[in-house]
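This report concerns only the one structure given below.
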Amino acid sequence: MSKILVTGGTGFLGSNLCKRLITEGHTVFCLDNNYTGRLLNVANLLKNPNFTFIEHDICDPIGITAHLDYVYNLACPASPPAYQGSHSIKTTKVCVLGAINVLELAKKNNARVLQFSTSEVYGEPLVHPQVETYRGNVNPIGIRACYDEGKRCAESLFFDYHRHEGVDIKVIRIFNTYGPNMDPNDGRVVSNFICQALSGQDITIYGDGHQTRSFCYVDDLIEGIVRMMNSPKGFTGPVNLGNPGEFTIKELAEMVVSKIGGKVVYKDLPSDDPTQRRPDITLAKTKLGWTPKVPLNVGLDKTIEYFKTQIKLFNQGKVK
Ligand code: UDP
């Protein structure tokens, strides 16, 4: 069994990953400053003796003394409303200083380290579907740049630490993911649509709804992530992980309405909102034997059940 650090461990993906690693019997250190992460996501894990929560901001050096075998670096606000605006400068720091601190820690421990990068490195893509060799089309001065360029810089740091310091790295690029432990208030499209419909509010489509996204159910993504971490040394990636099924935002709204009901309204499209996004997952299929299994229709039902339970607990005053 291994000693594993998960930065960003109380967030949506981090908490799902911690749960998987604890289930496999590993010792897990979950590090987060809970800016967008939520302790309630790991409430069931806190009782487990193999699980330790550390409140820490990865912009500061990480002083864990346990000898670590693996580090998963996810710490970063990931929803556009959370990383833009007043938090944008901090977001760049989290991406860049966080990567340096994590890489220094991995170097000291001789640990393997996996970076959670993003489809945002492709920006407004001119190649469709996106392959890993595509270098992207990012606006470096736009409102998404703090995240997009921050994550691009983190990739560059990972590869420089690999080339010059011999650090054992892995890089994945994650496309839109959804499922249990999403924050109902973080503003992402799946959580927004479901929570709006469940609470009788209007379902807000930004723009005309013709922009596309590819939605991966969280369990599928976690399987891909773990396979990447366990892939042979020297296979660094970057590797796209996502579900290649592509839907317009309007189609997503229609699916939610057909399941829950509700009324759609149209709002302004935020600037630099990518027009289309779909991963080419040939590399993940070939190298990791990975392919997502959960169709959007099924994953949405599971996610709706999760949010129904959360809303019930909220109404009973059991979650904030
Ligand atoms: N979106 C929307 N209504 C919402 C939230 C998001 O129409 O209430 C759109 C958003 O403009 C984008 C897409 O849904 O085109 C995906 O947004 P999200 O924030 O989930 O992720 P992104 O892929 O943009 O990072």
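Predicted, not measured: the structure shown is a model, and the values here were computed from it. In each ligand, atom 1 is the first atom listed, and ligand 1 is the first ligand listed.
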Subject >> atom 15 (O) of ligand 1 [closest protein heavy-atom partner, distance rounded to 0.1 Å] >> reply: Asp273 OD1, 2.5 Å
Subject >> Top protein contact for atom 7 (O) of ligand 1, by heavy-atom distance >> reply: Tyr206 N, 2.8 Å
Atoms of ligand 1, numbered as shown, that sit under 4.0 Å from any heavy atom of [X]:
| X | result |
| --- | --- |
| Asn192 | 4 (C), 5 (C), 8 (O) |
| Thr204 | 2 (C), 3 (N), 4 (C), 7 (O), 8 (O) |
| Gln211 | 9 (C), 11 (O), 15 (O) |
| Pro80 | 19 (O), 25 (O) |

Original post:
Can you tell which of Arg213, Arg144, Arg188 gets a heavy atom nearest to atom 25 (O) of ligand 1?
Top reply: Arg144
Original post:
Should one rank Thr177, Val189, Asn176 by closest heavy-atom distance to atom 21 (O) of ligand 1, which comes out on top?
Top reply: Asn176
Original post:
According to the interplanar angle, ranging from 0 to 90°, do the rings of Phe215 and Tyr178 count as parallel (below 30°), tilted (30 to 60°) or perpendicular (above 60°)?
Top reply: perpendicular
Original post:
For Asp208, does the CG atom sit with more than 12 other heavy atoms under 6.0 Å from it, leaving out its own atoms?
Top reply: yes
Original post:
Would Glu104 and Tyr161 satisfy side chain to side chain donor-acceptor pair (under 3.5 Å), going step by step from the backbone distance to the final call?
Top reply: CA-CA 9 Å; Glu104 287 294 332; Tyr161 268 80; 2.6 Å; yes
Quick check on [X] - does any of its heavy atoms sit under 4.0 Å from an atom of ligand 1?
| X | answer |
| --- | --- |
| Gly187 | yes |
| Glu120 | yes |
| Ser79 | no |

Please tabulate, for the side chains in residues 59-67, all donor-acceptor contacts under 3.5 angstrom to protein atoms that are two or more places apart in sequence or on a different chain.
unit_1: His67; atom_1: NE2; unit_2: Asn109; atom_2: O; d: 3.4

Original post:
Can the ring centroids of Tyr70 and His26 be said to lie less than 6.0 angstrom from one another?
Top reply: no
Subject >> Ile205, any N or O under 3.5 Å of ligand 1 N or O >> reply: no
Original post:
Would you say Arg277 and ligand 1 have an N/O pair spaced under 3.5 Å apart?
Top reply: yes
Subject >> Asn139 and Arg144 side chains, donor-acceptor separation under 3.5 Å >> reply: no
**OP:** Just do the side chain to side chain donor-acceptor pair (under 3.5 Å) check on His128 and Glu246 with the steps written out, would you?
**Re:** CA-CA 11 Å; His128 193 73; Glu246 184 180 6; 3.1 Å; yes
Donor-acceptor contacts, no H, no angles, side chain residues 234-245, under 3.5 Å, sequence neighbours left out:
unit_1: Asn240; atom_1: OD1; unit_2: Tyr122; atom_2: OH; d: 2.8
unit_1: Asn240; atom_1: ND2; unit_2: Gln130; atom_2: O; d: 3.0
unit_1: Asn240; atom_1: ND2; unit_2: Asp280; atom_2: O; d: 3.1
unit_1: Asn243; atom_1: OD1; unit_2: Gly245; atom_2: N; d: 2.9

Original post:
Is ligand 1 under 4.0 Å from a heavy atom in the side chain of Ile249, in the backbone, in both, or in neither?
Top reply: side chain
Subject >> SB check Arg20 Glu223 (cutoff 4.0 Å) >> reply: yes
